[in-house]
Amino acid sequence: MKYRQIVLITLATLCASTAWAEDRYVCRLGNSQRIIEVIYASPPSKVPCEVSYTKAGSVQTLWRSQNEIGYCETRAREFAQQQTGWGWHCAEPGEVVSDLVPAAQEQEPADREQEKEQRE
């Protein structure tokens with residue numbers, strides 16, 4: 001009986017979540033990783049939504065839409081394509097991604113160069 005209550009409480013908590021990410025692109029270049037995702041405030045409704053971008057553990061919102069269905073998805077896809085143009089490999093939503101780089105290990109190329117110069 002207690003197990004059942006724990007399961008029900010856990011499920012209720014998960015379902016009551018205020019935001020949900022559906023479209024998620026994981027982009028990688030060397031040891032660096034970027035995450036572009038569409039966050040829905042009231043799933044299954046596609047609006048309001050926002051596109052969040054995670055880089056080196058820092059998260060920023062790039063775009064938002066209150067009314068236009070498809071706006072966030074289009075922006076996220078276009079930004080992932082732009083990352084690809086810059087040499088990143090971006091996994092499509094639903095594509096299995098393994099060996100993710102922990103944010104703490106991720107460094108910008110300029111940071112690595114600076115560390116290299118300091119060692120020399």
Side-chain angles (χ1 to χ4, degrees):
M1 181 71 171
K2 189 171 184 155
Y3 174 76
R4 185 175 179 181
Q5 287 175 327
I6 292 171
V7 170
L8 289 175
I9 290 170
T10 303
L11 287 174
T13 303
L14 291 173
C15 292
S17 174
T18 58
W20 181 258
E22 185 175 299
D23 291 351
R24 178 182 167 115
Y25 298 85
V26 178
C27 302
R28 299 156 106 189
L29 179 64
N31 289 329
S32 296
Q33 174 179 289
R34 307 286 184 262
I35 299 172
I36 304 161
E37 57 190 337
V38 178
I39 309 286
Y40 301 105
S42 302
S45 177
K46 298 290 186 177
V47 286
C49 64
E50 64 182 40
V51 178
S52 105
Y53 179 53
T54 305
K55 172 183 174 182
S58 174
V59 180
Q60 64 185 127
T61 299
L62 301 178
W63 297 280
R64 288 188 171 96
S65 178
Q66 295 297 317
N67 306 317
E68 189 178 336
I69 294 174
Y71 177 82
C72 291
E73 296 83 355
T74 299
R75 289 297 201 173
R77 183 178 55 254
E78 288 172 349
F79 190 51
Q81 290 169 346
Q82 188 175 34
Q83 296 278 325
T84 301
W86 295 333
W88 292 78
H89 169 73
C90 295
E92 296 287 327
E95 188 177 328
V96 176
V97 179
S98 61
D99 300 322
L100 296 180
V101 178
Q105 292 180 357
E106 182 178 334
Q107 288 184 320
E108 291 297 311
D111 295 338
R112 279 184 253 136
E113 282 296 316
Q114 196 172 33
E115 281 184 9
K116 183 178 176 183
E117 289 173 5
Q118 288 174 351
R119 281 184 264 147
E120 293 177 350

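For this chain, numbers begin at 1 and follow the sequence in order.
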### Nearest atoms (heavy-atom pairs only) where Val59 meets Ser52
CG1-OG, 4.0 Å
### Query
So do the side chains of Glu68 and Val47 get within less than 4.5 Å of each other, counting heavy atoms only?
no
### Query
Any link between Ile69 and Val38 through a network of hydrophobic side chains (Ile, Leu, Val, Met, Phe, Trp, Tyr) touching at under 4.5 Å?
no
## Note on the structure
All heavy atoms of Gln83 vs all of Ile36, minimum pair found to be CG-CD1, 4.0 Å
## Note on the structure
What one should report as the nearest heavy-atom pair of Tyr53 and Arg34 is OH-CD, 3.2 Å
### Message
Working to the nearest 0.5 angstrom, can you tell me the gap between Asp23 CG and Glu37 CD?
### Response
10.0 Å
## Note on the structure
Output for pair (Lys55 NZ, Cys27 SG), nearest 0.5 Å, gives 12.5 Å
#### Entry: Considering all heavy atoms, the nearest Arg77-Tyr25 contact
CB-OH, 3.3 Å
### Message
For Cys72 and Tyr40: C-alpha separation, side-chain torsions, deciding distance, then whether side-chain contact (heavy atoms from CB on, under 4.5 Å) applies.
### Response
CA-CA 9 Å; Cys72 291; Tyr40 301 105; 5.6 Å; no
### Rounded distance (nearest 0.5 Å) linking atom OG1 of Thr54 with atom CD of Gln60
9.0 Å
### Distance (rounded to the nearest 0.5 Å) between Cys90 SG and Arg28 CZ
11.0 Å
### Message
Working note: Phe79 + Val51, criterion side-chain contact (heavy atoms from CB on, under 4.5 Å); need CA distance, chi angles, decisive distance, verdict.
### Response
CA-CA 10 Å; Phe79 190 51; Val51 178; 5.8 Å; no
### Query
To the nearest 0.5 Å, what is the distance between CD (Gln82) and CH2 (Trp88)?
12.5 Å
